[in-house]
**Student:** 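Structure provided below as structure tokens; questions to follow.
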Amino acid sequence: MTLATLHAAPGRLAPAEAAASSRLPAPWLASMDLPLIVAPMFLVSSMPLLVASAQNGVIGAIPAGNARNSEILDGWLGELTAALASGRGNGRPAAPWALNLVVHRTNARLAADLAICVKHRAPLVITALGSPRAVVEAVHAYGGLVFADVNTPDYARKATEAGVDGLVLIAAGAGGHTGAMAAPAFVAAVREFWDGIIVISGGMTEGRHLRAAQAMGADLAYMGTRFIASRESSAVPAYKEMLVAASFRDILCTAAITGAPANKLRPSLVAAGLDPDNLPARGRFDLSNRDRDVKAWKDIWSAGHGVGRVAAVEDAAAIIAALRADYAAAIAREQADPWARKVMG
Ligand SMILES: Cc1cc2nc3c(=O)[nH]c(=O)nc-3n(C[C@H](O)[C@H](O)[C@H](O)COP(=O)(O)O)c2cc1C
């Protein structure tokens, strides 16, 4: 069923039609419990978080750069595929996992990391900070999917012209490098020309937000900040504690740290000896020096607008279980909603 016919269909969709209307591949739907991707986070995503995500029915993602070099990445992905081969222990396959590749021209590791991704047949490759064109052919050749991370409708259109399967729309409020556009407006603008998979990102922290993402016209949502304080993440304990204590007023959006606008935790800037209100200007965005980039993320910590909703350090499985319960409650509320009965006749 196309998007146009879905919108045109009057009344409630029969369950079979509703299932057929998903844009996600059938094996993904079969293995997933929630329309969620645990977002890739530099120096925060970890192999244990990826395994916990996949074994709890959501997609986990990791930046290739979290491995110090391509050989280490090769080892990690070998261990990951072995860990997930036997499925979730309940007879169901593990959810897919994603590798995040920075396709910016200053990333000297791209060719080597892409070769490793092909070797391990990453089910999903999410490109960031550049054109996905260079990776689409290689990933499609083994049956993988490519999503491009974009922060404006113009970049979204360019990515679709490069042949991607999905778009990750980085809307306002996202942790790390952020977009500036409000999520509902962003999804609506992209749905004008794109009927493929959309992931929406920025400030999503609750199960009900996954439902809201679907209602907006997205297929999946990204959550990064919600998982920084998971036990499995690589964030150092002080970062997790700062995150638990922080609220929206502690977030500063600045391009001064990496050269591109990013949401950062003000207390981490202060702890690094910087004045958040008088940050030195930084040059153009550039990834050619990994050590400098690690420094920019290791001590100056990121979080998105949803930071106030992170109240404790928890296992990823517990976070996902809470999201699932809240998602189910949101659907139950929809079914009992008097407004739904009015419009459905
Ligand atoms: C600490 C941190 C590091 C991040 N690193 C990356 C990265 O390496 N690649 C990437 O595509 N996005 C990165 N992001 C952005 C996330 O993938 C995602 O867009 C964001 O966390 C979603 O917004 P939320 O934090 O409000 O859920 C990072 C975000 C954070 C908080």
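Counting convention: from 1, in listed order, for ligands and their atoms alike. Heads up: numbering here begins at 1 and tracks the sequence.
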**Student:** For atom 10 (C) of ligand 1, which candidate among L169, V199, T225, N100 provides the closest heavy atom?
**Tutor:**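 Among L169, V199, T225, N100, the closest heavy atom to atom 10 (C) of ligand 1 comes from N100.
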**Student:** For H104, is there any backbone N or O sitting under 3.5 Å from a side-chain donor or acceptor partner on N107?
**Tutor:**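 Checked: no pair found.
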**Student:** Could you tell me the residue and atom name of the protein heavy atom closest to atom 30 (C) of ligand 1, and the distance to it rounded to 0.1 Å?
**Tutor:**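 Closest protein heavy atom to atom 30 (C) of ligand 1: M41 CG, 3.6 Å.
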**Student:** When you measure from the side chain of S233 to the backbone of I228, do you find a donor-acceptor pair of N or O atoms at a distance under 3.5 Å?
**Tutor:** yes
**Student:** In the protein, which heavy atom is nearest to atom 26 (O) of ligand 1, and how far is it?
**Tutor:** G203 N, 2.8 Å
**Student:** Closest by any non-hydrogen atom to atom 23 (O) of ligand 1: pick that one out of G175, G304, G224.
**Tutor:**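 Looking at heavy atoms only, the winner is G175.
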**Student:** Under 4.0 Å from a heavy atom of I170: which atoms of ligand 1 are those, numbered in the order shown and with their elements?
**Tutor:** 19 (O)
**Student:** Could you list which atoms of ligand 1 come closer than 4.0 Å to a heavy atom of P63?
**Tutor:**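 Answer for ligand 1: 8 (O).
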**Student:** Between W301 and K240, is there a cation-pi geometry (under 6.0 Å to ring centre, at most 45° from the normal)?
**Tutor:** no
**Student:** Has R208 got its NZ or CZ under 6.0 Å from the middle of the six-membered ring of Y327, at an angle within 45 degrees of the ring axis?
**Tutor:**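 No, a cation-pi geometry is absent between R208 and Y327.
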**Student:** Go through ligand 1 atom by atom and flag the ones less than 4.0 Å from a non-hydrogen atom of A128.
**Tutor:**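 In order of numbering, the contacting atoms are 11 (O).
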**Student:** Give me the nearest non-hydrogen protein atom to atom 5 (N) of ligand 1 as residue plus atom name, then the distance to 0.1 Å.
**Tutor:**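 For this ligand atom, the closest protein heavy atom is F42 N, 2.8 Å.
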**Student:** Touching ligand 1 at all, W301? Heavy atoms, strictly under 4.0 Å?
**Tutor:** no
**Student:** Once you round to the nearest 0.5 Å, how far does CD1 of I59 lie from CD1 of I126?
**Tutor:**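 Answer for the CD1-CD1 pair, I59 versus I126, is 7.5 Å.
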**Student:** Out of Y222, Y239, F227, whose heavy atom sits nearest atom 1 (C) of ligand 1?
**Tutor:**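 Answer by nearest heavy atom: Y239.
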**Student:** What atoms of ligand 1 come closer than 4.0 angstrom to any heavy atom of I228?
**Tutor:** 31 (C)
**Student:** Is any N or O atom of S201, backbone or side chain, closer than 3.5 Å to an N or O atom of ligand 1?
**Tutor:** yes
**Student:** Could you tell me, atom by atom, which parts of ligand 1 come under 4.0 Å of a heavy atom of D149?
**Tutor:** 11 (O)
**Student:** Identify, by atom number and element, the atoms of ligand 1 in contact range of M223, meaning under 4.0 Å from any of its heavy atoms.
**Tutor:**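 Counting from 1, the qualifying ligand atoms are 27 (O).
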**Student:** What I want to find out is whether D326 reaches R211 closely enough, with some N-O distance under 4.0 Å, to be called a salt bridge.
**Tutor:** no
**Student:** Who gets closest to atom 13 (C) of ligand 1 by heavy atom: A174, P40, A61, S45?
**Tutor:**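 Result: the heavy atom closest to atom 13 (C) of ligand 1 is in P40.
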**Student:** Inspect the contact between D250 and R266 and indicate whether a charged nitrogen and a carboxylate oxygen are less than 4.0 angstrom apart.
**Tutor:** no
**Student:** Decide side chain to side chain donor-acceptor pair (under 3.5 Å) for H177 and N151; before the verdict, give the C-alpha distance in whole Å, the side-chain angles of both, and the deciding distance to 0.1 Å.
**Tutor:** CA-CA 9 Å; H177 289 138; N151 59 12; over 6 Å; no
**Student:** Quick one: which ligand 1 atoms are inside 4.0 Å of a heavy atom on A39?
**Tutor:** 16 (C), 17 (O), 18 (C)
**Student:** Show which atoms of ligand 1 fall inside a sub-4.0 Å distance from at least one heavy-atom site of G173.
**Tutor:** 26 (O)
**Student:** Could you tell me whether E206 and R309 have a side-chain N and a carboxylate O separated by less than 4.0 Å?
**Tutor:**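 Looking at E206 and R309, the cut-off is met.
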**Student:** Looking only at distances, can you tell me whether any N or O atom of V44, backbone or side chain, sits closer than 3.5 Å to an N or O atom of ligand 1?
**Tutor:**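 It does not: no N or O of V44 is found under 3.5 Å from an N or O of ligand 1.
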**Student:** In terms of heavy-atom contacts, does CZ of R333 have more than 12 from other residues, nucleotides or ligands at under 6.0 Å?
**Tutor:**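 Enclosed.
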**Student:** With the side chain counted from C-beta on, respond yes when I116 and R109 share a heavy-atom pair under 4.5 Å apart, and no when they do not.
**Tutor:** no
